[in-house]
Amino acid sequence: DVKVTQSSRYLVKRTGEKVFLECVQDMDHENMFWYRQDPGLGLRLIYFSYDVKMKEKGDIPEGYSVSREKKERFSLILESASTNQTSMYLCASSSLGGANGYTFGSGTRLTVV
Amino acid sequence: AQRVTQPEKLLSVFKGAPVELKCNYSYSGSPELFWYVQYSRQRLQLLLRHISRESIKGFTADLNKGETSFHLKKPFAQEEDSAMYYCALYRMDTGRRALTFGSGTRLQVQP
């Protein structure tokens with residue numbers, strides 16, 4: 001069964017900490033995405049990548065960065081966590097940037113205290 | 001920029017009643033529209049896409065370019081349809097290769 005795997009289901013971090021969220025896919029997809037999911041706001045695109053070492057800003061990139069050193073892995077980095085980054089983070093991958101639909105991970109619920 | 005609007009946060013219906021989840025979009029180019037669903041404690045998954053013109057779990061959606069809408073419909077709701085539903089748009093004719101999602105509608109089907 002093909003998958004997108006997010007390394008942590010729940011995380012609790014302190015304000016100011018540097019936080020790494022990891023995502024791995026085994027479908028050889030070129031495109032990978034990070035969204036945050038908040039009630040009433042839906043899914044908002046943070047960053048995406050269409051190739052190794054390539055990245056593009058989404059709609060809400062402030063306070064985040066990403067790393068894609070290998071095709072299967074896409075990491076989201078919170079440089080200095082803040083309480084307004086408490087959210088559900090969803091990783092997804094796709095073979096054509098979304099035209100064929102995404103495969104989502106199960107999500108990481110991050111709480112910043 | 002493109003935008004997807006789902007005007008209802010919550011839609012509550014009784015089992016057997018018809019369901020229509022509304023989705024409107026603003027984009028002047030050629031869109032590809034999708035519906036995604038998230039059942040309780042499960043990951044978000046693709047329900048259907050307009051280009052396939054298929055019916056999944058009894059749901060259908062028609063793209064109306066004149067009204068810029070892609071409403072999701074089912075003639076008879078089932079309790080297992082209770083979930084969070086997201087409408088999403090993909091721009092076919094520009095370089096941004098990512099989906100734009102709406103804010104979601106929670107469907108509650110009561111027995």
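Naming: A, B, ... by sequence-line order, numbering from 1 per chain. What you see is a predicted model, and the numbers here were worked out from it, not measured in a lab. No hydrogens, no waters, no symmetry mates; every other heavy atom, side chains included, goes into these values.
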Trainee: Pairing donors with acceptors under 3.5 angstrom, does anything connect the side chains of A/Asp38 and A/Ser87?
Mentor: yes
Trainee: For B/Gln108 and B/Ser82, does a side-chain donor sit closer than 3.5 Å to a side-chain acceptor?
Mentor: no
Trainee: What residue in B/Gly102, B/Ala88, B/Gly104 has the most heavy-atom pairs under 4.5 Å with chain A?
Mentor: B/Gly102
Trainee: Say whether A/Tyr64 and A/Arg36, considering side chains only, have a donor N or O and an acceptor N or O under 3.5 Å apart.
Mentor: yes
Trainee: Heavy-atom pairs under 4.5 Å with chain A - which of B/Leu44, B/Leu46, B/Thr100 has more of them than the others?
Mentor: B/Leu44
Trainee: Would you mind checking which part of B/Gln38 comes under 4.5 Å of any heavy atom in chain A, side chain (CB onward), backbone (N, CA, C, O), both or neither?
Mentor: side chain
Trainee: Parallel, tilted or perpendicular for A/Tyr102 and A/Tyr35, by the 30°/60° rule?
Mentor: tilted
Trainee: Between A/Leu41 and chain B, with a heavy-atom cut-off of 4.5 Å, which part of the residue counts as in contact: side chain, backbone, both or neither?
Mentor: backbone
